[in-house]
Each structure stands twice: as structure tokens, then as C-alpha cells.
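Everything on this sheet refers to the single structure shown next.
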2 protein chains.
Amino acid sequence: MEKKQLFGLCPYVTSQKVLTGKWSMYIMYLLKDAPVRFNELQRRMPENMTHTTLSRQLKALEKDDLIVRRVYSEIPPKVEYELSEIGHKFEKVLAELEVWGNEYIEYLKKRDKENPVLDDREGY
Amino acid sequence: MEKKQLFGLCPYVTSQKVLTGKWSMYIMYLLKDAPVRFNELQRRMPENMTHTTLSRQLKALEKDDLIVRRVYSEIPPKVEYELSEIGHKFEKVLAELEVWGNEYIEYLKKRDKENPVLDDREGY
DNA sequence: CGGAATCCAGACTGATACTG
DNA sequence: CAGTATCAGTCTGGATTCCG
């Protein structure tokens, strides 16, 4: 009881809570076609993100039931991650997000070309 | 020069950076139909979020060119916020996100009903 | 191989107070 | 009305180290 109830059942707020992790959407993108093993996932992440961080993000996504962790009892150990059912439904959002993200990147490039100077803006 | 370049031009990573702010998507949702004034925006935000926080979020969104700040030189002052052009293009993502968010909320309700006990999970 | 535990540094948040 | 400044508390990612 006494759960943190941020803003009763608003889909935007609830979604944003889930997507808080810095890499959550990218991880879901990597998992959308097939299960991926831990180390393979790490290799595909930007900047060779440390496994500590990746591990935490995966655990968070698992807690929220967006991904499923599947352990194979072998030597050496093998663990695969894949999207859950509700996680797969998120692919539609990912698709739109990819479209928009690319438009936005184009927009930023244009903006920076026209206005290359006064930039304390962040990169992309 | 020397901008922070997180992961060259990946739409997911770029998008997530923009959406970092805890309320960014909700703000964009509130602005999607028409311009809204500062105080009105604050009233519609969850939990009467402080204007300090709202101000910062708006400034961040403005810096990223997702929203436009329009100042009317009147007494008393009047400032309206609205989506920019690239901001409006984000509405498609918002639409999918709303669908998914509601599905997800339903999923969580069902999960918690079937399994009301072992919960250190967060609310929604 | 796939983690958990710990610690640190930087970012974000919010309360409070002040301004034009 | 619509902010800004400041400061404290919290949250988070990342590095390092150790474990089954």
C-alpha cells in the first residue's frame, strides 16, 4: 500500500516514468526483432557502456515488465533478453519516434548550419 | 566547438535526450491544440508543480526548439507557449504513446489485481 | 558469462525568496 | 503575471571491484 501515485493514470506521465532510463528506448529498439544476449547487447550499445549501467537499465525494464529475462542453465551461463508482450506493443511508438527523431536531426543540422556560432547548445 | 556528441545521429538516443525532462511529453501534450499561458499551464500540471520547475522545463524545451515562447508586451505581462513546427511533428509520437500508455496502464492494473502482494513496485 | 555491491560526481528537482 | 537566483536533497550514470 501507499504506492507513489504520481498523476493518476495519465498515459503520458506513466509512459515517461517507464522511459526514464537514459537508454531504455534504445534497448527496446535493439530487442525488437529477436532476443539478445547480455554481452551482445553491450557491444551494440553506444560508447561501450559499462555492464553495470546496462545491467541496471535491464533490471529496471524487467521490473516494469517491458522486457523478459530468460536464463539458460548452462556452463558458461547464457542469459537472453527479449521484449515482453506489452513491450512489443511499444514498437509502434518506436517506429514513430524513429521517424520523428530523424526529422529532428535533420532540423538540427540545418539550424546549426544556418547559425553555427552562438552555440552553447548540446550536440546530438 | 566540442559539443557533447553522445551517439552520432541515432534517432532514439537523440529523441531520448530531448525527452529527458520529467514532464516534457506532458507539456507537449498540453500545448498540442493551442498556445497556453504560463500560469494556466501550471494549473494543468500534476500536483501543482512549482513554477520554478515548470519554468526550467519550458526553457529546456525552448532551447531544443520544440516549443516557442511568445511574449506580449502588456501590463500585466502575458506569455504564451506553443509547439514549434518540429514540435508539432511530434504529435504523431504522442498519439502512439497515448495508445500504448493506456494499454500499459490496463496491463498494470490487471497485473496488480492478480498479484496484489509482493509489491515494492512503484505506482502509476 | 553475467552479474551484484559500493562509491563517487554530476544532473535534476523542488522549496524559498526576490524581481520587473 | 511570469519569471530568476540560490541552495539542499535526491536521483542517476559510470567506474571499479568482487562473485557464482
Side-chain angles (χ1 to χ4, degrees), chain A residues 4 6-7 13 16-27 30-31 35-64 67-82 120-123, chain B residues 2-7 12-13 16-27 30-31 35-64 67-82 120-123:
Chain A
K4 281 176 265 172
L6 261 191
F7 191 46
V13 176
Q16 190 138 34
K17 270 190 64 177
V18 165
L19 303 177
T20 298
K22 194 168 163 187
W23 309 104
S24 44
M25 296 198 288
Y26 193 69
I27 291 173
L30 291 179
L31 295 183
V36 181
R37 297 181 62 169
F38 185 90
N39 276 357
E40 177 62 20
L41 211 43
Q42 188 184 349
R43 269 189 295 278
R44 297 196 206 167
M45 295 296 293
E47 320 216 337
N48 264 322
M49 163 204 234
T50 58
H51 60 222
T52 311
T53 302
L54 178 57
S55 181
R56 261 193 310 236
Q57 304 269 323
L58 288 170
K59 218 159 75 172
L61 289 172
E62 190 194 2
K63 190 188 86 181
D64 290 331
I67 65 175
V68 176
R69 180 167 175 268
R70 180 156 293 150
V71 183
Y72 298 86
S73 299
E74 307 174 357
I75 305 288
K78 174 177 169 182
V79 181
E80 280 185 340
Y81 293 89
E82 61 186 314
D120 61 335
R121 296 170 193 145
E122 293 180 52
Chain B
E2 206 62 78
K3 298 189 185 183
K4 281 176 262 172
Q5 185 103 5
L6 259 193
F7 190 46
Y12 298 102
V13 176
Q16 189 139 33
K17 271 191 64 178
V18 167
L19 304 177
T20 298
K22 195 168 162 188
W23 310 103
S24 43
M25 297 199 286
Y26 193 69
I27 291 173
L30 290 179
L31 296 182
V36 182
R37 297 181 61 169
F38 186 90
N39 275 357
E40 177 62 19
L41 212 41
Q42 187 185 350
R43 268 189 296 277
R44 297 196 205 165
M45 294 297 294
E47 318 217 339
N48 265 323
M49 162 205 236
T50 59
H51 59 219
T52 311
T53 302
L54 178 57
S55 181
R56 261 191 308 238
Q57 305 269 322
L58 288 170
K59 220 158 72 171
L61 289 172
E62 191 195 0
K63 192 189 84 181
D64 289 332
I67 66 176
V68 175
R69 180 168 174 266
R70 180 158 292 152
V71 183
Y72 298 86
S73 298
E74 304 174 359
I75 305 289
K78 173 177 170 183
V79 179
E80 281 185 341
Y81 294 88
E82 62 186 314
D120 61 337
R121 295 169 194 148
E122 293 180 53

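Numbered from 1 within each chain, the chains take letters A, B, ... in sequence-line order.
The distance from atom NZ of K22(B) to atom CD1 of I27(B), rounded to the nearest 0.5 Å, is 12.0 Å. L19(B) contributes atom CG, which lies 8.5 Å from atom CG of L19(A) (distance to the nearest 0.5 angstrom).
Two residues are said to be in side-chain contact when any heavy atoms from C-beta on lie closer than 4.5 Å; V18(B) and S24(B) fail this criterion. In this structure the side chain of L41(B) reaches within 4.5 angstrom of the side chain of L54(B), judged on heavy atoms. Proximity of M45(B) to L30(B): side-chain heavy atoms (C-beta onward) are separated by under 4.5 Å at one or more points.
Note: CD (E40(B)) to P (dC1(D)) measures 11 Å, nearest angstrom. Note: OH (Y81(A)) to P (dC1(C)) measures 14 Å, nearest angstrom. Between the CG atom of L19(A) and the P atom of dT12(D) there is a distance of 14 Å, given to the nearest Å. As rounded to whole Å, 11 Å separates atom C1' of dG3(C) from atom CG of L58(A). When rounded to the nearest whole Å, the span between CD of Q42(B) and P of dA15(C) equals 11 Å. Atom CD1 in I27(B) sits about 13 Å away from atom C1' in dT13(C), given to the nearest Å. In this structure, NZ of K63(A) is placed 17 Å from P of dG3(C), rounded to the nearest angstrom. A straight line from OH of Y26(A) to C1' of dG13(D) spans 18 Å, rounded to a whole angstrom.
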> Does the pair E40(A) and R43(A) meet the rule for a salt bridge (charged side-chain N to carboxylate O under 4.0 Å, His left out), with working shown?
Replying inline: CA-CA 5 Å; E40(A) 177 62 20; R43(A) 269 189 295 278; 3.1 Å; yes

Got a list of protein N/O to nucleotides 14-16 of chain D N/O distances below 3.5 Å?
from: dG14(D); atom 1: OP2; to: W23(A); atom 2: NE1; distance (Å): 3.4
from: dG14(D); atom 1: N7; to: R56(A); atom 2: NH2; distance (Å): 2.3
from: dG14(D); atom 1: O6; to: R56(A); atom 2: NH1; distance (Å): 3.1
from: dT16(D); atom 1: O4; to: T52(A); atom 2: OG1; distance (Å): 2.4

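In this structure a side-chain-to-backbone donor-acceptor pair under 3.5 Å is present from Q16(A) to G21(B).
Pairing each heavy atom of P46(A) with each of Y26(A), the nearest pair is CD-CE2, 3.8 Å.
Applying a 4.0 Å cut-off to non-hydrogen atoms, the residues of residues 73-80 of chain A that approach DNA chain D are P77(A), listed by residue number.
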Report, one line per pair, each donor and acceptor closer than 3.5 Å where one atom sits in a side chain of residues 71-81 of chain A; sequence neighbours left out.
from: Y72(A); atom 1: OH; to: E80(A); atom 2: OE1; distance (Å): 3.1
from: Y81(A); atom 1: OH; to: R69(A); atom 2: NE; distance (Å): 3.4

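Contact check, R69(A) against dG2(C): no side-chain N or O comes under 4.0 Å of OP1 or OP2. For dA2(D), one of the phosphate oxygens OP1 or OP2 lies less than 4.0 angstrom from a side-chain nitrogen or oxygen of R37(B). Within the 4.0 Å cut-off from OP1 or OP2 of dT4(D), at least one side-chain nitrogen or oxygen of S55(B) is found.
For Y12(B), the ring pair (Phe, Tyr, Trp, His ring centres under 6.0 Å) partners two or more places apart in sequence, or in a different chain, are Y29(A). In terms of the side-chain contact (heavy atoms from CB on, under 4.5 Å) criterion, residue partners of E82(B) (sequence neighbours excluded) are, by chain and number, P35(B), V68(B), R70(B). Shown here are the side-chain contact (heavy atoms from CB on, under 4.5 Å) partners of T53(A), two or more places apart in sequence or in another chain: W23(A), M49(A), T50(A), R56(A), Q57(A).
Note on Y72(B): nothing from the nucleic acid sits closer than 4.0 angstrom, heavy atoms only.
Rotation axes derived from the C1' atoms of the five outermost pairs at either end of the helix from dC1(C)-dG20(D) to dG20(C)-dC1(D) lie 50° apart, to the nearest 10°.
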